[in-house]
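The structure appears right after this line, and notes come after that.
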Amino acid sequence: MDAFFALAHGLTVAIQPMNLLFALIGVLLGTAVGVLPGIGPALTVALLLPITFKLDPGGSIIMFAGIYYGGMYGGSTTAILINTPGESASMATALEGNKMAKAGRGGPALATSAIGSFVAGTIATLGLAFLAPTLVELAVKFGPEDYFALMCVAFVTVSATFGDSPVRGLTSLFIGLALGLVGIDKLTGQSRMTFGVPELLDGVEVTTLAVGLFAVGEALYVASRRHIQEEVLEPVRGSLWMTKEDWKRSWKPWIRGTLFGFPIGALPAGGAEIPTFLSYSTEKRLTKYPEEFGHGAIEGVAGPEAANNASAAGTLVPLLALGLPTSATAAMMLAGFQQYGLNPGPLLFAERPELVWGLIASLFIANAMLLVLNLPLVGLWVRLLAIPQPWLYAGILVFATMGTIAAKPSVVELTMLGVFGVMGFLMRRFDYPIAPVVVGLILGPIAESQLRRALSISLGDPLVLVQSPISATLLAIALIALVLPFALKGMSRFKAEED
Amino acid sequence: MKLTGKGLWRGALTAAALGLATSAMAQAELKIMAPAAPGGGWDQTARSMQQALTQAGLAKSVQVTNVPGAGGSIGIAQLVNSSKGDGNQLMVMGYVMVGALLTNKSPVTLDQTTPIARLTGEYEAIVVPTDSPIKTAKDLAAAVKADPAKVTWAGGSAGGVDHIAVALFAKAAGADPTKINYIPFSGGGESLAAILGGKVTAGISGYGEFESQIKAGKLRLIGLTTPASKNTAEMPSLKANGVDLEIANWRAVVAPPGITADQKKALTEVVDKLAKSKEWAEILKQKGWDDAYLSGDAFAKFLADDQTRTKEVLTSVGLVKP
Amino acid sequence: MTTRTPKRVDVAGLVIAAGLLILAGLIWRDMTSLQLSSVYGVGPKAMPIVVAIGLAILAIGNAFMAVRGGLPSRESLRWMPITLIIGGLAGLIALIQFGGGFIPATAVLFVATSAAFGRRAFLVDLIIGLVAGLVIYLLFSKLLTLSLPMGPLERLI
């Protein structure tokens with residue numbers, strides 16, 4: 001009950017006009033910058049840190065919260081409209097979202113993503129307010145072996161993005177894993193697959209790969225077959241808003257996405273990408289319209305978007321409860337706290353409750369502001385698709401390169417963008433699925449280093465993987481998820497024979 | 001985004017460590033390169049310098065550029081190759097770069113740059129979970145000596161300052177530094193979680209990263225890599241408690257090669273005025289940062305010495321082939 | 001990798017398989033050059049070995065598909081638009097590398113892509129590209145204080 005009073009008090013802090021203004025500036029900046037590929041919310045907070053030096057602590061931290069949530073919204077808008085994920089966590093959104101946009105259903109896609117983000121953000125922020133202490137106890141219990149098991153679950157579910165041929169799907173995945181090898185090996189500090197190019201030492205940037213494969217690859221593909229099939233984009237076909245049917249198909253994925261996103265986001269090494277993949281594959285398994293997946297299924301937008309936003313709130317759990325920054329943005333927010341001599345962690349709740357609860361309350365407000373700001377914009381955003389095709393694609397390419405140039409102004413990075421673009425073109429032409437490449441690049445290095453950490457701690461004893469109850473449970477889930485589809489297939493055949 | 005948490009927030013601390021200088025003759029147009037991505041540690045340092053220098057009127061304009069990649073190897077290569085003789089160019093760097101240049105086998109070395117000044121420093125802290133049987137630095141040293149494999153360490157990237165400090169700890173404890181069981185984590189949050197969760201024996205990082213956990217009684221401070229003279233009951237120095245280990249993670253600025261003595265003097269004066277302002281001292285206090293200002297020949301000697309020692313340690317751990 | 005019109009044995013498919021095999025070989029060779037191993041547990045060579053073997057097996061799988069004609073049929077394609085877009089990207093990279101600056105580089109990419117999609121109004125597109133580049137430049141360098149590649153044009157601002 002104490003939490004309720006504290007939250008109510010926090011709300012009185014957050015609705016002070018000045019704080020509302022900071023929240024508004026935050027969400028506007030966050031959305032604007034989140035739209036740019038390569039420039040995420042972390043960078044925005046970093047760049048704004050010196051400017052906010054003179055603001056009072058409450059106000060500037062509230063503004064950072066707005067930027068954080070706003071950035072998450074912005075990334076999905078470009079993913080849906082122009083197939084350019086602003087950040088790696090928006091990749092799953094692009095898969096179905098862009099297909100919807102091309103079919104004239106960009107309005108419902110943006111709406112389900114905005115409302116889903118709102119629902120997820122609100123539930124997850126409630127979770128942050130009431131469950132943070134309990135959740136963080138659990139999160140800290142996760143060891144390297146448990147993370148490895150979690151990656152195994154994620155790997156099994158990747159097959160949802162494979163399309164119809166397992167050989168081609170696995171080929172894509174292994175190309176991603178190969179790209180994941182590039183760079184300095186985290187555990188020994190040696191370089192792998194860098195061929196003497198110093199720029200490769202930091203590895204392949206996920207956004208560069210995703211933007212190259214998705215946006216540049218798509219532009220090349222569409223241009224190369226313009227003489228066969230003129231791509232006609234209709235910004236709005238049917239309803240601009242979500243129909244009753246859309247609502248019915250969206251609300252469960254929103255909830256499920258939140259349930260993936262929030263706890264995994266709260267894990268110190270959980271991240272935002274894995275819950276979006278898990279949500280995507282779950283929706284694909286559970287949907288009543290499996291034939292729509294790959295051609296613009298609304299469940300495939302609603303779920304991952306909710307998961308993405310819920311994980312953003314989840315990240316704040318270890319930050320506020322323990323002072324653990326588990327994402328780049330959270331790290332910048334920690335720096336923001338420390339700028340005022342505040343140390344997030346067990347003591348902050350006791351020492352400065354008005355600040356913590358003011359922040360949590362302003363997260364609710366930022367979330368509501370984003371919904372109010374974004375829904376009316378949906379109509380405007382989809383009009384973007386009415387731009388004549390040459391300008392639209394030229395704009396997309398300018399947009400795609402701009403993010404890369406701003407984040408890492410190196411010729412090597414731009415060349416990689418081009419190479420990945422050609423790769424995306426060839427993969428489309430020969431019908432290889434694209435998403436598994438990005439998934440492999442994200443999951444491969446995490447799985448490898450967590451396994452090696454676990455085995456280093458156990459001095460090489462592989463039993464450590466099944467001795468931890470968390471890890472054993474997760475591995476069992478992975479095994480079931482792997483075997484179940486085959487078993488079900490066998491059963492139905494058996495049943496068919498019986499009939 | 002690949003900005004790791006640890007680099008970022010450590011960096012932001014340094015950023016704030018550089019405050020405003022008051023007034024002086026405005027130098028021409030300064031350029032400061034951060035050999036890291038925007039938002040990273042060195043970037044924050046550079047941007048804070050920019051802010052302070054312009055506000056204090058120490059420079060007419062300051063431009064910050066980012067040349068990210070490979071622990072600064074790419075930035076320093078550009079400084080040495082393209083900015084030669086440019087008396088208005090500075091580059092932020094730190095101890096991490098010393099190790100990174102060695103492990104990445106960089107063709108360019110710090111000897112080719114013109115050292116200007118060291119700005120800030122932070123000591124390393126070794127911690128254990130509160131329920132650990134290890135109570136003192138001597139206990140930990142004894143455990144490492146008995147079996148280095150059984151003592152697992154959580155810290156930052158391989159070959160970084162944390163790793164080097166652990167190797168030096170093993171050496172001081174009389175164990176084989178190549179046998180240490182050091183587990184690098186990618187972000188400060190991740191390694192802190194592993195220590196709090198009892199997944200490892202001990203953790204090592206900058207003191208600031210552990211401070212609030214130590215004060216909250218979740219972690220026990222075993223010792224700091226401070227000189228013996230700074231030893232107190234609350235902030236025990238390893239050196240005063242039987243483990244001969246002293247190391248600091250510092251940040252500094254250097255200039256390109258081939259600048260004239262006058263240019264070097266002018267740059268040093270600007271940085272000198274910046275570092276001695278009372279605003280800076282205030283921010284240092286607020287952040288709990290140690291002022292490590294050192295300029296001129298003393299800094300040049302320090303830089304050379306630290307490079308030699310780092311090379312020795314990295315070779316003894318096997319990260320650099322002799 | 002090149003593409004040709006499909007025959008009974010899909011040559012392009014075989015080229016893909018060969019490409020995968022080469023990639024596997026590259027990873028293997030790079031792996032053998034690693035000097036350090038982890039003191040405890042699994043070393044840095046394990047993952048490259050897994051990936052290389054996996055790619056080699058997949059190369060066989062892909063070759064098998066190519067021989068049996070398992071690849072989807074493909075329509076003819078035009079090289080002109082592809083060349084234009086890649087040329088635009090190359091132009092952008094070259095301009096940035098040799099100090100042409102961000103704004104003209106952006107304009108070149110814009111014009112090239114627009115032409116690839118069939119527009120022939122070079123001058124109009126060039127102006128649009130330059131304006132777009134200028135707006136982005138101002139936004140990034142003035143508002144976000146990020147340094148973008150400078151050229152003669154940018155220095156005037």
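Chain naming here is simple, since letters A, B, ... match the order of the sequence lines and numbering starts at 1 in each. Computed from a prediction, not measured in an experiment: that's the story for all the values here.
With rounding to the nearest 0.5 angstrom, the CZ atom of A:Arg168 is 12.5 Å from the CG atom of C:Leu58. To the nearest 0.5 Å, atom OG1 of residue A:Thr171 and atom CG of residue C:Leu55 are 8.0 Å apart. Rounding to the nearest 0.5 angstrom, the gap separating the CG atom in C:Leu23 from the CD1 atom in A:Ile175 is 7.0 Å. Atom CZ in A:Arg225 sits 11.5 Å away from atom CD1 in C:Ile82 (nearest 0.5 Å).
No other option in C:Leu84, C:Ile57, C:Val51 has as many heavy-atom pairs under 4.5 Å with chain A as C:Val51. Ranked by heavy-atom pairs under 4.5 Å with chain C, the first of A:Ser456, A:Ser224, A:Gly180, A:Ser449 is A:Ser224. Heavy-atom pairs under 4.5 Å with chain C peak, among A:Leu173, A:Ile405, A:Thr194, A:Leu177, at A:Ile405. Most heavy-atom pairs under 4.5 Å with chain A, from the set C:Val111, C:Val50, C:Asn62, C:Leu148: that is C:Asn62. Annotation: maximal heavy-atom pairing with chain C below 4.5 Å, among A:Ser410, A:Ala178, A:Gly418, occurs at A:Ala178. In terms of heavy-atom pairs under 4.5 angstrom with chain C, the leader among A:Asp185, A:Leu451, A:Val167 is A:Val167. Taking chain A as the reference chain and counting heavy-atom pairs below 4.5 Å, the highest number among C:Ile96, C:Thr106, C:Ile27 is found for C:Ile27.
Of all the heavy atoms in C:Met47 and A:Gly444, the pair that sits closest is CE-O, 4.0 Å. Between C:Ser114 and A:Ala394 the shortest heavy-atom distance is N-CB, 4.0 Å. Residues A:Ser165 and C:Met65 come closest through the heavy atom pair OG-SD, 4.3 Å. Closest of all the heavy-atom pairs between C:Ile86 and A:Val422 is CD1-CG2, 3.7 Å. Contact record, A:Ala223 with C:Ala116: CB-O, 4.4 Å, taken as the closest heavy-atom pair.
With hydrogens and angles ignored, the 3.5 Å screen pairs a side-chain donor or acceptor of C:Asp30 with a backbone N or O of A:Met193. A donor-acceptor pair is defined here as one N or O able to donate and one able to accept, closer than 3.5 Å; such a pair exists between the side chain of A:Arg192 and the backbone of C:Pro44. A donor-acceptor contact shorter than 3.5 Å links the side chain of A:Arg452 to the backbone of C:Val42.
Contacts of A:Ser458 with chain C are absent, with no heavy-atom separation under 4.5 Å from either backbone or side chain. With a 4.5 Å cut-off on non-hydrogen atoms, A:Leu181 touches chain C through its side chain but not through its backbone. For chain C, the nearby part of A:Thr401 is the side chain; its heavy atoms alone come within less than 4.5 Å. Within the 4.5 angstrom heavy-atom criterion, atoms from both the backbone and the side chain of C:Leu34 approach chain A. For C:Ile136, the part lying under 4.5 angstrom from a heavy atom of chain A is the side chain only. Using a 4.5 Å cut-off between heavy atoms, C:Ile128 contacts chain A through its side chain alone, with no backbone atom that close. C:Leu92 touches chain A through its side chain: at least one heavy atom from C-beta onward sits under 4.5 Å away, while N, CA, C and O do not.
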Please test C:Thr113 against A:Trp391 for side-chain contact (heavy atoms from CB on, under 4.5 Å), starting from the C-alpha separation and ending with a verdict. CA-CA 8 Å; C:Thr113 312; A:Trp391 287 346; over 6 Å; no
### Task
Verify side-chain contact (heavy atoms from CB on, under 4.5 Å) between A:Tyr432 and C:Ile16, making sure each step is shown before the conclusion.
CA-CA 11 Å; A:Tyr432 285 83; C:Ile16 292 174; 3.6 Å; yes
Next item on the list: Determine, step by step, whether A:Thr415 and C:Leu89 satisfy the side-chain contact (heavy atoms from CB on, under 4.5 Å) criterion, reporting the C-alpha distance in whole Å, the side-chain angles of both residues, the deciding distance to 0.1 Å, and the verdict.
Entry: CA-CA 8 Å; A:Thr415 310; C:Leu89 271 173; over 6 Å; no
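Side-chain contact check for C:Phe117 versus A:Leu392: every heavy-atom pair is 4.5 Å or farther apart. In this structure, the side chains of C:Gln97 and A:Leu414 stay at 4.5 Å or more apart for every pair of heavy atoms. With a 4.5 Å cut-off on side-chain heavy atoms, A:Phe174 and C:Leu20 do not count as touching. Between C:Tyr40 and A:Leu455 there is no side-chain heavy-atom pair separated by less than 4.5 Å. Residues C:Phe110 and A:Leu397 have side chains not in contact (no heavy-atom distance under 4.5 Å, counting atoms from C-beta outward).
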